[in-house]
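In what follows, every chain begins at residue 1, and chains take the letters A, B, ... in the order their sequences are listed. A quick note: this is a predicted structure, and the numbers were derived from the prediction, not measured.
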Amino acid sequence: MQDTLLEMRSITKTFPGVKALDDVSLKVQAGEIHAICGENGAGKSTLMKVLSGVYPAGSYEGEIHYDGAVTAFRDITDSEAKGIIIIHQELALVPLLSIAENLFLGNENARGGVIDWRATNQKTESLLRKVGLRDAPTTLVEKLGVGKQQLVEIAKALAKDVRLLILDEPTSALSESDSQALLDLMLELKAQGMTQIIISHKLNEVRRVADTVTVIRDGQSVSSFNTKDGITEDRIVRDMVGRSMENRYPERTPKIGKRIMRVSDWSVYHPEHADRQVIHNVGFDVRAGEVVGIAGLMGAGRTELAMSIFGQSWGQNISGRVEMHGQPVDVSDVSRAIAAGLAYVTEDRKSLGLILDDTITRNVTLANLPGVARGSVLNDHAETEVAEKYRKDLGIRTPGVFQKVVNLSGGNQQKVVLSKWLFVGPEVLILDEPTRGIDVGAKYEIYGLINDLAAAGKGVVMISSEMPELLGMCDRIYVMNEGAFVGEMPASEASQERIMSLIVNE
Amino acid sequence: MSVAENTSQSARGSGGIGAYLAAHLREYGLLFALIAVMAFFQIVTGGTLLRPINLTNLLLQNSYIIIMALGMLIVIVAGHIDLSVGSVMGFIGALAAVMIVNLEMPIGVTMIACVAMGAVIGAAQGYWVAYWGIPSFIVTLAGMLVFRGLSLWLLEGQSVGPFPREFQVIATGFVPDILPGSEAMKSLFGTRNFNVLAFATGIIAAAWVIWSGMRQRAQNKAYGIEDEPRAFFLLRTAIIAIALVFILYKLSTFRGLPNVLLTMGVLTIIYAFITERTVLGRRIYALGGNQKAAKLSGIKTERLTFLAFVNMGMLAAIAGLVFAARLNTATPKAGFALELDVIAAVFIGGASMSGGVGKIVGAVVGAFLMGVLNNGMSIMGIGIDYQQMIKGLVLLAAVIFDVYNKRKG
């Protein structure tokens, strides 16, 4: 009945040391909406990069059949010329240019280098009508909300004679009504005969628009079904997370004491959009010797929650209470949060955690300089001793503590950040994606350090997108979705399926 | 980050003296460039450069640049720039002239008021940079125009002067010789004048350089921090010690220790100490190195930025007083384009445009290098046209050298 527009056969893509895609196959019929589901890091984005030529032909194994012929794209321009267009999660619009200028960016209606504004604006208007936007073509993109910007992206794709439209997590930043409008538009485009691929975690959306679902896990295509066959969300969730658990986490016997920290009714608004509430009345507590996990997908608001608690480093119009040992504390700036006994290890250690061009020593003492000073005069040798102590305690592998941190590996850099916060002497450490970008061996060491912290009676809050990591490390897990906590469970009762279904069912 | 620490770790990897020199070319390069330039001009000017009277002049001519370079280094290390310092300096000179000459106010009161005014000016600019996030380039460009205009307004387009003798002394006076033995030294060295205080200062400064260098080395050894090769340490320390004794000896055979040298020396020591040895100084480097990381480490980055500008305003005010006292008059054009010399000195001294890198001593040496170039070329009778071109090329060369070194390393 239908023709196959795209078939990717046995795609294997290897990065040094990692097999990102392993024998993945994907078959997309002309005129359908095909959903690709999978966890963070399952390989969805890599697959789309192979398809669009970001990874050029020859850098992967396998074949791509498109429109009845084997293709080998050299780059994005190549795939766009064939009508394959990706709309990425982070929108690629220039905020200070108008809608019309954005739509034809790099593809201007020009004669001899002079832009024909009349033609540009006319074409823009008709494209905007197609996606249901009524804004003037001369409106600056920055004046539009995220939802409308997403529609502009689609209009931009339509301007290029798109045949296969790929949307990567298109609704992740959208409100409920904007999401519905976008899904409606997808169905309308489908009615006009356009083939689309949607990458999404949200199974309710997938069920609403998709004709076919392919699940990818750990770089392999696990299953593919037709949604008409009555497939349950449970089945998809199981396929998404169903990897075997190995013993990748050091053993720990929890000794959980009294409650140290308690956060209640925590609400935060977006720093630039004052009307957008990002964190909704979140409450949690942490006890001595306990490792508490916060699970959720990217964009769930976990980092925003942590940073807003840590000295209001993110957001505005923040309300709620933070108590330490039952007493309310002032966390209105970072130095007060530190004084209250908090430490926050950022997920972005290179730009937020370290001064890369500085030495290990100077990074370790940065948050507690008075600790190595007499009065306000620094004592170089005390400083060196502190750095040496942490180098030994945490096993930072370096020729010496006067090495610049830029020269260290990811795992060792992370240990430097941890050292910095340990030297502050906190009671509760909030670790945001503590093992991101770290190789497997170093991960195990970081896990060991986290266990040591808990054993020393500190409270640990661990934010991670890797669910097995949370299940392996935590005593208790909160599940966060769209800025709110949607569940809490002891680790003994937690499973990836349970967490994932809390997230996808909202 | 400081050059000294760079020192210890890069030597580690390779070991050899050649590798060490390659890694520290910039640091030594600046010192050797200064020596080479001085030697060159000493020869081509037939010995005029190092004559006591010219050395004294050299110090007086560059004092206000050096004083402002101290503040500018901090502003640049913090990741900003201040284009207004020349104008502010001129404005403070004008203010001092109006207060002392026209209104006949006491000198002490005037000086305090001027320095306070400098702090207020710095605060007024720093406020917008620190708390509103307005680029310092814009704020201080505006300040440059505003204070240039204010000077003109204050002086009503005229030059105001002369100052009373007691005020001129700030810039042109000499520290009286309080030590005995002048007669004996005169006959010993066979000179017409001999200022024992100046000579003793030279000896003490040299001794301090040697002693503190050796102490540092001993401690580094005890803590297992690798240091520069012994030969380098000895050579560098010897050159600095000999230069100190030599220059102060020259000065002592003229009129002794200029008041501005004392001011400059004391300020340099204070600022070098603050930037390298105190919590405050370290935080400024952290702010310039990575503002977000510094802020997330509990450092009050806004307040530090604000203070850097307040400090810059105060130093510009001190420089304004020295400048007015030296010229013995305040003119509406005083300090014109001087900010460029100050900024150039800081960059020649090894500071980085992106912040977080640079040393007080580097900025002072950079200012001296420019000063010697100016002075030497003037003695040779080279036109202002060529002088400008040569100074421009020296600045460019110094920065290219930095970038090249960084890329290579």
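Contacts of A:Glu385 with chain B are made by side-chain atoms alone, with heavy-atom separations under 4.5 Å and no backbone atom involved. Heavy atoms closer than 4.5 Å to chain B are found in the side chain of A:Thr365, but not in its backbone.
A side chain to side chain contact (heavy atoms under 4.5 Å, CB included) with B:Arg277 holds for exactly one of A:Asn379, A:Asp380, A:Leu378; it is A:Asp380.
With respect to chain B, the highest number of heavy-atom pairs below 4.5 Å among A:Ser351, A:Gly311, A:Gly353, A:Ala373 belongs to A:Ser351.
Here the closest non-hydrogen pair linking A:Lys420 and B:Ala293 is NZ-O, 4.4 Å. Annotation for B:Phe273 and A:Val377: closest pair CZ-CG2, 3.7 Å, computed over non-hydrogen atoms. B:Ser297 and A:Ile338 make their closest contact through O-CD1, 3.7 Å (heavy atoms, listed as atom of the first residue, atom of the second, distance).
In B:Phe137, the CZ atom is not crowded: 12 or fewer heavy atoms of neighbouring residues, nucleotides or ligands sit closer than 6.0 Å.
Within residues 304-315 of chain B, no residue approaches chain A closer than 4.5 Å by heavy atoms.
When side chains are defined from C-beta on, A:Ser313 counts as touching B:Leu296, because their heavy atoms get closer than 4.5 Å.
For the ring-ring contact (aromatic ring centres under 6.0 Å, His included) test, residues two or more places apart in sequence or in another chain that qualify with A:His273 are A:His270.
A:Asp333 contributes no side-chain N or O that, together with a main-chain N or O of B:Gly298, makes up a donor-acceptor pair within less than 3.5 Å.
Side-chain atoms of B:Lys300 and A:Ser335 form a donor-acceptor pair, as typed in the model, at a separation below 3.5 Å.
Taken from OH in B:Tyr285 to CG in A:Asp358, the straight-line distance is 10.5 Å, to the nearest 0.5 Å.
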